[in-house]
Undergrad: 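Questions regarding the structure given below will be posed in turn.
In this chain, residues are counted from 1 in sequence order.
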Amino acid sequence: WQVNPDNRVYLNPKKMQGSNLILSQGTESISIRASEEVLSGLPLTAEMHDFQLESLTGMLFDSTIITGMVNGKFSLANYSPLSFTSDLRIDTLTFLGSRHGNLHAAAKTADEGKYEIDISLQGEGNDFNGNGSYNTASAEMDFRVVMNPLNLKPMASFVSTYVDSLSGGLRGDLSIKGSFKEPLINGTLRLDSTYLIVKQTGTPLHIPSAGLRFEEQKIFFEGMTLFDSAGRPATITGNGHAENLTDIQYQLKLQTDKFLLSGKKRYEEQLVSGPLYAGMELNIKGDLTEANIRGSVRILDSSLITYTY
């Protein structure tokens, strides 16, 4: 990396006039520049051009964990009241070997204490957009999130401990208002052509389409049907209620005449292997800390169960 010969950065936030630092290597560069016109140095501008994320992550951990090319600009116009604009783009974002597409994030101050935010993820099967505002005075937000879809396959690395072969998409259109502690959510989320294998049981699951509908603090399960490897269905119906993000209560019903609960031994972490077939009619009621399950489970003929401890 090279540094501009006339580099200098003043650390006094009231006297940054003339600060000028440019780090460069080939086409990559990082720069910090302050205005020459006023003693404060405002506006203060920081820019990144063609910066490779692995140049930074390689100093902290394995450089292949997260990669991508960053272009961005941050401009600080005033400290008090805070006034800034920022625009960041990461092209060909890769995390743990999975390609996620191109990430764009922009934020700026609007009225005093109000921030406007715009985030999108495009490419690699993703079409995600989120935009809105947050008001620090009222501690309330007003956001809209649209997924059309969000590709689940690149997310596999986040859940690889529990799930294998994740694929499909998540579609939705959500309005999120209120506080972070007690958000009011309206809209829908829907799984689309989703497939996965539960590692602890070796159970393949196919979910052609399954939805959740949100009406502020109410949650409704809509058309949620799971299919096993032979196409046998299990349906989940019910609803939930969320006072806040840590107090979510639900009341569900799970029903199937015959379903593969555990498949053949596939994974080292698999506790139960089969094939294990069961018919079930269960009522499940609880919250995030515990569940009360009542009903019946019938182990069907042709089942073979092996438990590994």
Undergrad: Looking only at heavy atoms, which two atoms of Thr256 and Pro233 are closest? And how far apart?
TA: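 Closest approach of Thr256 to Pro233: OG1-O, 2.8 Å.
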
Undergrad: Do Tyr134 and Phe180 have ring centres separated by under 6.0 Å?
TA: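 Yes.
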
Undergrad: For Gln25, is the CD atom crowded, meaning more than 12 foreign heavy atoms sit under 6.0 Å from it?
TA: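 Yes, enclosed.
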
Undergrad: Check whether any side-chain heavy atom of Ile66 lies under 4.5 Å from a side-chain heavy atom of Phe95, and answer yes or no.
TA: yes

Undergrad: What's the separation between atom OG1 in Thr194 and atom CG in Leu152, rounded to the nearest 0.5 Å?
TA: 5.0 Å

Undergrad: If I compare all heavy atoms of Gly101 with all of Glu124, which pair ends up nearest, and what's the gap?
TA: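 Looks like N-CG, 3.4 Å.
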
Undergrad: Should we say atom NZ of Lys265 is surrounded by more than 12 heavy atoms from elsewhere, each under 6.0 Å from it?
TA: yes

Undergrad: I would like to know whether Thr45 and Lys73 meet side chain to side chain contact (heavy atoms under 4.5 Å, CB included); could you show each step before the answer?
TA: CA-CA 7 Å; Thr45 302; Lys73 181 178 181 179; 3.6 Å; yes

Undergrad: Cation over ring, Lys15 on Tyr10, under 6.0 Å and within 45°?
TA: no

Undergrad: What closest approach, in Å, do Thr27 and His49 show between heavy atoms, and which atom pair accounts for it?
TA: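 Shortest heavy-atom separation between Thr27 and His49 comes out as O-CD2, 3.2 Å.
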
Undergrad: Counting C-beta onward and ignoring hydrogens, is there a side-chain heavy-atom pair between Phe259 and Leu205 closer than 4.5 Å?
TA: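 Side chain of Phe259 against side chain of Leu205, heavy atoms only: contact under 4.5 Å found.
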
Undergrad: Got more than 12 heavy atoms from elsewhere within 6.0 Å of NZ, Lys153?
TA: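 Atom NZ in Lys153 is not packed in, count stays at 12 or less.
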
Undergrad: If I take atom CG from residue Leu300 and atom CG from residue Leu276, how far apart are they, to the nearest 0.5 angstrom?
TA: 8.5 Å

Undergrad: Do Ser209 and Arg190 come within less than 4.5 Å of each other through their side chains, counting heavy atoms only?
TA: yes

Undergrad: Is Val159 linked to Ile197 within one hydrophobic cluster, defined over Ile, Leu, Val, Met, Phe, Trp and Tyr using a side-chain heavy-atom separation of less than 4.5 Å?
TA: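 Val159 and Ile197: separate clusters.
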
Undergrad: Measuring from atom CE of Met69 to atom CG of Asn102, what distance do you get when rounded to the nearest 0.5 angstrom?
TA: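 Here the rounded value is 9.0 Å.
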
Undergrad: From Leu103 CG over to Ile119 CD1, what is the distance, rounded to the nearest 0.5 angstrom?
TA: 7.5 Å

Undergrad: Can you tell me how far the CG atom of Leu166 sits from the CE atom of Met155, to the nearest 0.5 Å?
TA: 9.5 Å

Undergrad: Surrounding CG of Asp91 (heavy atoms of other residues, nucleotides or ligands, distance under 6.0 Å), is the total greater than 12?
TA: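 Yes, the 6.0 Å shell around CG holds more than 12 heavy atoms from other groups.
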
Undergrad: Could you check whether Glu215 and Asn186, counting side-chain N and O atoms only, form a donor-acceptor pair closer than 3.5 Å?
TA: no

Undergrad: Not counting sequence neighbours, list each pair that qualifies as a salt bridge (charged side-chain N to carboxylate O under 4.0 Å, His left out) and has a residue in residues 154-172.
TA: Arg171-Asp192

Undergrad: Could you state the interatomic distance from NZ (Lys258) to CZ (Arg232), rounded to the nearest 0.5 Å?
TA: 5.0 Å

Undergrad: Should Tyr195 and Met224 be regarded as members of a common hydrophobic cluster, given that ILVMFWY residues are connected when their side-chain heavy atoms come within less than 4.5 Å of each other, either directly or indirectly?
TA: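 No; tracing contacts between hydrophobic side chains, which count when under 4.5 Å, never links both residues.
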
Undergrad: Within the structure provided, determine whether Met141 and Ile176 are in side-chain contact (heavy-atom separation under 4.5 Å).
TA: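 A side-chain contact under 4.5 Å exists here.
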
Undergrad: Could you walk me through whether His104 and Asp87 pass the side chain to side chain donor-acceptor pair (under 3.5 Å) check?
TA: CA-CA 8 Å; His104 176 250; Asp87 193 288; 3.2 Å; yes

Undergrad: Taking all heavy atoms of Thr203 and all of Leu260, pick out the closest pair and write down the distance.
TA: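 Reported closest heavy-atom pair: CG2-O, 3.2 Å.
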
Undergrad: With a 4.5 Å heavy-atom cut-off, do Val145 and Phe128 have their side chains touching?
TA: yes

Undergrad: Show your reasoning for whether side chain to side chain contact (heavy atoms under 4.5 Å, CB included) applies to Ser55 and Trp1.
TA: CA-CA 11 Å; Ser55 298; Trp1 286 85; 4.3 Å; yes

Undergrad: Please find the pair of heavy atoms, one from Leu170 and one from Met147, that lie closest to each other, and give the distance.
TA: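 Looking at all heavy atoms of both residues, the shortest contact is O-CB, 3.4 Å.
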
Undergrad: Would Phe158 and Leu191 show up in the same hydrophobic cluster when neighbours are defined by side-chain heavy atoms closer than 4.5 Å?
TA: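 Linked, Phe158 and Leu191 end up in one cluster.
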
Undergrad: Verify the neighbour count for atom CD of Glu37: are there more than 12 heavy atoms of other residues, nucleotides or ligands below 6.0 Å?
TA: no

Undergrad: Indicate yes or no: at least one non-hydrogen side-chain atom of Arg144 is less than 4.5 angstrom from one of Val146.
TA: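 Arg144 vs Val146: side chains touch.
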
Undergrad: With hydrophobic residues grouped by side-chain heavy-atom distances under 4.5 Å, do Leu271 and Ile305 end up in a single group?
TA: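 Yes, because Leu271 and Ile305 connect within a single hydrophobic cluster, where side-chain heavy atoms sit under 4.5 Å apart.
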
Undergrad: Minimum heavy-atom separation for Gln270 and Thr201, please, with both atom names.
TA: NE2-O, 3.2 Å

Undergrad: Does Ile30 form a side chain to side chain contact (heavy atoms under 4.5 Å, CB included) with Phe51? I'd like the steps, not just the answer.
TA: CA-CA 7 Å; Ile30 303 173; Phe51 181 75; 3.5 Å; yes

Undergrad: Would you say that Phe74 contacts Leu76 through its side chain, given a criterion of any heavy-atom pair below 4.5 Å between the two side chains?
TA: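 Side-chain contact under 4.5 Å: yes.
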
Undergrad: In terms of hydrophobic clustering (I, L, V, M, F, W, Y; side-chain heavy atoms under 4.5 Å; direct or indirect links), are Val198 and Phe227 co-clustered?
TA: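 Unlinked, Val198 and Phe227 end up in two clusters.
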
Undergrad: The test is side chain to side chain contact (heavy atoms under 4.5 Å, CB included); show your working for Arg99 and Thr92 and say whether it passes.
TA: CA-CA 7 Å; Arg99 296 168 67 96; Thr92 319; 3.5 Å; yes

Undergrad: Under 6.0 Å from the OH atom of Tyr267, do we count more than 12 heavy atoms belonging to anything else shown?
TA: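 Counting neighbours around OH of Tyr267, more than 12 heavy atoms of other residues, nucleotides or ligands fall under 6.0 Å, so yes.
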
Undergrad: Can you see whether Asn151 engages His100 through a side-chain donor-acceptor pair at a distance of less than 3.5 angstrom?
TA: no

Undergrad: A side-chain contact here means heavy atoms from C-beta on lying under 4.5 Å apart; do Lys253 and Glu281 qualify?
TA: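 Touching, per the 4.5 Å side-chain cut-off.
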
